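The structure appears right after this line, and notes come after that.
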Amino acid sequence: MSKTLSIILTVFKVAKIVAKVVFILCIVGGVGCLISLATLPFLGGIIPAEMLTEEGLDLPSTLFASLVGVIACTGEAICAFFAEKYFGLVLEAKTPFTFDGSKKCFNLGLISIITSLAVSVASGIILGIGLLIYPNTTGFEAETSISLSTGLFFLFMSLIFKHGAETQASDNKTAEHSESYEESTHTEQL
């Protein structure tokens with residue numbers, strides 16, 4: 001194994017660990033948002049309204065923010081799950097330059113773009129519904145943006161990895177062809 005490939009695989013090991021940690025944190029964050037979503041209506045009478053208004057919030061905006069939090073954590077958990085699976089596949093193959101690996105990398109890019117789009121649209125819809133139901137609420141603020149950079153990065157890298165797999169396949173065919181040619185000429189000489 002070359003030194004460069006060893007470094008690449010080390011980066012994939014670190015990326016797999018980071019993806020696993022992000023997945024776990026997203027699950028914890030999503031569960032926390034679900035707990036707040038389930039308990040805030042019951043705690044509305046117990047929590048002093050001044051506590052929320054100091055932060056520029058009220059109970060309806062806090063509930064909708066919790067729902068948006070669940071959606072965002074779910075989207076990120078999905079991306080992290082598929083990223084961890086992809087990084088594991090590369091580590092198992094001991095190279096990112098495989099046809100299956102490049103296909104999984106391409107799929108990860110699509111998943112990242114689609115998930116980002118879905119989270120943004122769902123969050124916007126939830127906040128829109130919140131504003132329709134509670135028009136006098138002042139706490140509805142959220143940035144719903146689509147992050148294409150990660151998805152485009154994986155799409156681009158999948159092309160590089162596919163090219164590497166094609167180059168390896170071409171080199172293997174050339175080596176096999178040259179070996180069979182050498183064997184046939186050696187047999188003819190005998």
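Everything quoted here is computed from the prediction, not taken from an experiment.
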Worksheet, complete the sentence: Heavy atoms of K94 and L9 approach each other most closely as O-CD1, 3.5 Å
Worksheet item: Roughly how far, to the nearest 0.5 Å, is the CG atom of L155 from the OG atom of S158?
Response: 5.5 Å
Discussion item. Treating T115 as the side-chain partner and I111 as the backbone partner, does any N or O pair qualify as donor plus acceptor under 3.5 Å?
Written reply: yes
Discussion item. If I take atom CD1 from residue I78 and atom SG from residue C73, how far apart are they, to the nearest 0.5 angstrom?
Written reply: 11.5 Å
Practice prompt. Quick one: pull up CD1 in I8 and OG1 in T95 and give me the separation to the nearest 0.5 Å.
Written response: 7.5 Å
Discussion item. Has T10 got a side-chain atom pairing as donor or acceptor with S6's backbone, closer than 3.5 angstrom?
Written reply: yes
Worksheet entry | Parallel, tilted or perpendicular: rings of F154 and Y86 (30°, 60°) | perpendicular
Response to the item:
Tightest non-hydrogen contact, residues A83 and L108, listed as N-CD1, 3.6 Å
Worksheet entry | Expected output: side-chain S102 to main-chain F99 donor-acceptor under 3.5 Å | yes
Worksheet entry | Contact check, side chains of N107 and F82, non-hydrogen atoms, under 4.5 Å | no
Item to complete: Measure the spacing between CD of Q168 and NE2 of H163 and express it to the nearest 0.5 Å.
Response: 10.5 Å
Practice prompt. Supply the atom-to-atom distance L148 CG to I113 CD1, rounded to the nearest 0.5 angstrom.
Written response: 5.5 Å
Worksheet item: Between G101 and L89, which heavy-atom pair has the shortest distance, and what is it?
Response: CA-CD2, 3.8 Å
Item to complete: Mind checking the CZ-CZ spacing from F156 to F161? Nearest 0.5 Å is all I need.
Response: 10.0 Å
Worksheet item: Parallel, tilted or perpendicular: which describes the rings of F81 and F23, with under 30° parallel and over 60° perpendicular?
Response: tilted
Response to the item:
Shortest non-hydrogen pair, S112 vs C79, comes out as CA-SG, 3.8 Å
Item to complete: With the side chain counted from C-beta on, respond yes when V22 and V18 share a heavy-atom pair under 4.5 Å apart, and no when they do not.
Response: yes
Practice prompt. Start with the C-alpha distance between S2 and L5, add both sets of side-chain angles, then the distance that settles side-chain contact (heavy atoms from CB on, under 4.5 Å), and finish with yes or no.
Written response: CA-CA 5 Å; S2 73; L5 183 59; 3.4 Å; yes
Fill in: Residues, nucleotides or ligands: over 12 heavy atoms within 6.0 Å of F153 CZ
no
Worksheet item: Strictly by modelled atom types, are S36 and S66 linked by a side-chain donor-acceptor pair under 3.5 Å?
Response: yes
